[in-house]
Amino acid sequence: MADAPRQPGHLWLEGKTVVQLRADQPRPTHMPRGPAKRTGPGFLNPAMAPARTRSVLLLADALEHHWLVKDGHDLRALDALCATGVRVRRWRNEIPNQVQQRLRITANDLDDFALDWLKTSHTLFPPVIAVGHALEDDRYERPPQGVMENGIFIMKNDARIALMEAAYQWIDLDPFGSPVNFLDAAIQGLSRIGFLEVTATDTAALTGSSASSQRRRYGAKGIVDTYAHDDAVRVLLGLVATTAARHDRVVEPVLALFDGHHVRVSVKIRRSKESASEVLDWMGWRIRERSGAYRFVQHPTPEEVERGSGPMWIGPLWDRDIAGRLTEERALELCSPSTEGIQQATSSGLEWSEGDQEYAQRELRRSVRFIAEAADLMSRDHLLLHIDDLPNMAGVPHAPKMEVLFTALRGLGACAARLPDIDPFFVTDATLPTVLDCLRSLVTDS
Ligand SMILES: C[S@@+](CC[C@H](N)C(=O)[O-])C[C@H]1O[C@@H](n2cnc3c(N)ncnc32)[C@H](O)[C@@H]1O
């Protein structure tokens, strides 16, 4: 197998981190949303950059706000399928220096080429801060085998073994396709209170556009309509929650998004037999009504199943406080490179124009756009609507601008916020009749 290049094909900056791209991989273009055109060892999928940025922000938040481990305590984080390690390198480079010494990072993959690539990149472009944790040998009967490279412990293992060998407080699961094969091991690999981030790129199965895969992998039935993206998120969350319950654990969703070509859910998981026994209280079906609205039910009739999708998670999707701190300012503060950082990277061969910098800042903002504003509604009961569905439902020729509708709803004492989706979705705590009345009066008055 070929070694990762000592001299890179060319360099790229993701967040503050210098990334080596293969010579035959084009520089990422504006707003990469779909899957990378090429894949294979060493290819960086730029469409996943926003998810990696959110991962940096969430991990920093856990360390700074102590919602996973107590102040002063270490946090062990594992990227179980790390590939070339861009995520773990970003954790080491971009999480604030004040909390770096408390962060123990392990990176695992089965692919030698990818791991060599990680080691080479991390040696050529080391983190600003030196973190030299010794491996905690005393914790394990049989310490995991691997090497320590500039503050990242690197292992080559089947992920299922890596997950079971030690107890981590933070686990990232980012496989090709479906995560189902790794979920049991990931949940068992978490410490008593932990955090799990799961990516799934098998969106056809999650939405139900591939009905047989959805049935097989997720035990669910879908309807591919306006709600397919939200259903996909809830079907994956449902699987994570029921899998956790089988291991006497309970989930609390922190962030759950459909992001173009993948679904990503981030949940706190804690051991509690009692709460785990209640998991089915959070599971149900989304039933479509003739009016165009939907409602969640726990025990659908056979007729409702016909016009329903599920079973899926029907509880809250985000944590209000944590998601509320994922602001654009925070993304720039943590992940935007300083002028000196760019100068240093350009002296090592990075080509970085003002246009690139502008593009990078836009991408960082886009990674978290609309999240903080929607955090409150997404953490409690809400109604999800697509603005383009409303004219039909209200019997009016067109919809007003979303912001105009929001102002009118707020005038009635309701909350409303746009969702981070490529399509114009919003959430509100107003009832559907209120939204439609509001729309009619706005369109008639205009
Ligand atoms: C989608 S990539 C991970 C991307 C990475 N997390 C990132 O952000 O750049 C999936 C990785 O899983 C690895 N992989 C697949 N099956 C595995 C297994 N059973 N154990 C460990 N690694 C595995 C592949 O080698 C590949 O590098």
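Keep in mind that the numbers below use all heavy atoms, side chains included, and drop hydrogens, waters and symmetry copies. Ligands are counted one by one from 1 in listed order, and the atoms in each one are counted from 1 as well.
How far NE2 of H73 is from CZ of R102: 8.5 Å, rounded to the nearest 0.5 Å. Atom CG of D388 sits about 9.5 Å away from atom CZ of F425, to the nearest 0.5 Å.
Of the listed residues (D109, L173, N157), the one carrying the non-hydrogen atom nearest atom 26 (C) of ligand 1 is D109.
Residue contacts with ligand 1, taken as heavy atom pairs separated by less than 4.0 Å, involve A83 via backbone and side-chain atoms alike. Contact annotation: for C82 versus ligand 1, heavy atoms closer than 4.0 Å belong to the backbone alone. No part of M48 comes within 4.0 Å of ligand 1, judged by heavy-atom distances.
Within the cation-pi definition used here (under 6.0 Å to the ring centroid, within 45° of the axis), R286 does not qualify as a partner of F296.
The existence of a salt bridge linking R234 and D230 is confirmed by a sub-4.0 Å separation between a basic side-chain nitrogen and an acidic carboxylate oxygen. Salt bridge annotation for R270-E252: present, with a cationic side-chain nitrogen under 4.0 angstrom from a carboxylate oxygen. No salt bridge links E94 with R330; every basic N to acidic carboxylate O contact stays at or beyond 4.0 Å. With respect to D172 and R264, a salt bridge is recorded, a charged nitrogen being found less than 4.0 Å from a carboxylate O.
For ligand 1, one of its N or O atoms has an N or O atom of R52 under 3.5 Å away. For ligand 1, none of its N or O atoms has an N or O atom of V86 under 3.5 Å away. The shortest N/O to N/O separation between T84 and ligand 1 does not fall below 3.5 Å. For a threshold of 3.5 Å applied to N or O pairs, the pair formed by L81 and ligand 1 contains at least one separation below that value.
Less than 4.0 angstrom separates some heavy atom of D158 from each of these atoms of ligand 1: 19 (N), 20 (N). The atoms of ligand 1 that sit less than 4.0 Å from any heavy atom of D111 are 25 (O). In the vicinity of F182, heavy-atom distances shorter than 4.0 Å reach the ligand 1 atoms 19 (N). Atom numbering of ligand 1 starts at 1 in the shown order; those under 4.0 Å from a heavy atom of R87 are 6 (N), 8 (O).
At most 12 non-hydrogen atoms from other residues, nucleotides or ligands lie less than 6.0 angstrom from CZ of R320.
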